[in-house]
Amino acid sequence: MSENRAPQMRAVSQDTAGGPDVLKVITTDRPVPGATEILVRVHAAGVNPADWKIRARGEFATGIKPPFTLGFDVSGVVEAVGPGVTLFAPGDRVFGMPRFPHPAGAYAEYVTAPARHFALLPAGLDHVQGAAVPLAALTAWQALVDTVDIQPGARVLIHAAAGGVGHLAVQIAKSRGAYVISTARQAKHDFLRGLGADELIDYTQQDFAAAVRDVDVVLDTIGGDYWARSLRTLRPGGTLVSILPLDDTFPAAQARAAQVRAVFMLVEPDQAGMRAVADLLDSGKLQVTVDAVVPLEEAAKAHALGETGRTTGKIVLTVAP
């Protein structure tokens, strides 16, 4: 009977909603790639706010409930390919954000997903850096390039600019020739200047809504009262892009009166976007900052750190040696 047992792997799973301590390491069956899918041996997995929000809520946006394995950001090596895959071969180094917002199960030694949810990892990046990139960089790219197509000279306001999405958005905006205004604590201003930010506002000391005017684009990762305040910074015809759903608290009447566009953007798996991000990484126009590297077995520690809201850049779990 043991001869027919499926190959096993380690993964981090949760059986219920709750705090970081609900995350447990388990042994489970290794997945098998289906048609158009690849099997990736995970070397590192990124940790994102979506992860700890799902953990605490105990449910994915798609309605899937525990037990499940968290994680969307993957960097690893192709172990096997399913029928019909022509883009990759075993041994290729790849990175991506497969299946989002459906479970990808990145907190594990192996994942399967559609081949076109991945791109080749740039030669100059290791797997820790690779795992820090996909969700945050794709969010920034799809918001600033696909959604608003920022042009040279555009004035862009980026909130929480030292965070995972924010610090990559600053660089993507600069790569497009934009003038970038960033909100962050004073302690992170030197870091953001190093990334190219043109103007910095310490939100703990100054109201950005009183200091900034005639902005073309606002990228908001915070929500709440930031929506109304951000609308006051936009010129007529400008765009507020929120990565949080515009719920009933959003001041829609104020947006109409100000003649500005407001949109909610949910990031999607996107190979073209991943390739564009890879090109920026290759050219040196984009660099990812990793705040902390934590082994898979200490995923709970990584979540607790992320929930402080004080990290700079990304947190990454190491999976394979």
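Everything quoted here is computed from the prediction, not taken from an experiment.
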Could you pull out every donor-acceptor pair under 3.5 Å between side chains of residues 32-39 and any protein atom, sequence neighbours left out?
from  : atom 1 : to    : atom 2 : distance (Å)
Glu37 : OE1    : Gly34 : N      : 2.9
Glu37 : OE2    : Arg99 : NH2    : 2.9

**Item:** Any residue meeting side-chain contact (heavy atoms from CB on, under 4.5 Å) with Pro49, in chain and number order, not counting sequence neighbours
**Value:** Trp52, Lys53

**Asked** In this structure, which one of Arg176, Arg235, Arg261 forms a salt bridge (Lys or Arg N to Asp or Glu O under 4.0 Å) with Asp216?
**Response** Arg235

**Prompt:** Is the shortest distance from a Lys or Arg side-chain nitrogen in Glu79 or Arg41 to a carboxylate oxygen in the other one below 4.0 Å?
**Reply:** no

**Item:** same_hphob_cluster(Val288, Met274) at 4.5 Å side-chain heavy-atom cutoff
**Value:** yes

**Message:** Over 60° means perpendicular and under 30° means parallel, so tell me whether Phe191 and His167 are parallel, tilted or perpendicular.
**Reply:** tilted

**Request:** State whether Asp202 and Arg185 are salt-bridged, where the test is any N-O pair (Lys NZ or Arg NE/NH1/NH2 against Asp/Glu carboxylate O) under 4.0 Å.
**Result:** no

**Main-chain N/O of Arg10 paired to Glu109 side chain as donor or acceptor, under 3.5 Å** = yes

**Request:** Kindly state whether the ring of Phe60 and the ring of Phe68 have centres lying under 6.0 angstrom apart.
**Result:** yes

**Asked** Where the side chain of Lys24 meets the backbone of Asp21, is there a donor-acceptor pair that is under 3.5 Å apart?
**Response** yes

**Message:** Pair Ser75, His43 - check side chain to side chain donor-acceptor pair (under 3.5 Å), show working.
**Reply:** CA-CA 6 Å; Ser75 186; His43 283 239; over 6 Å; no

**Request:** Starting from the C-alpha separation in whole Å, work towards a yes-or-no answer on salt bridge (charged side-chain N to carboxylate O under 4.0 Å, His left out) for Arg193 and Asp198.
**Result:** CA-CA 7 Å; Arg193 285 192 191 94; Asp198 297 288; over 6 Å; no

**Message:** Does the plane of the ring in His303 sit parallel, tilted or perpendicular to the ring in Tyr107? Use 30° and 60° as the thresholds.
**Reply:** perpendicular

**Request:** Give a yes or no on whether Val293 and Val25 share a hydrophobic cluster (residues Ile, Leu, Val, Met, Phe, Trp, Tyr; joining criterion: side-chain heavy atoms under 4.5 Å apart).
**Result:** no

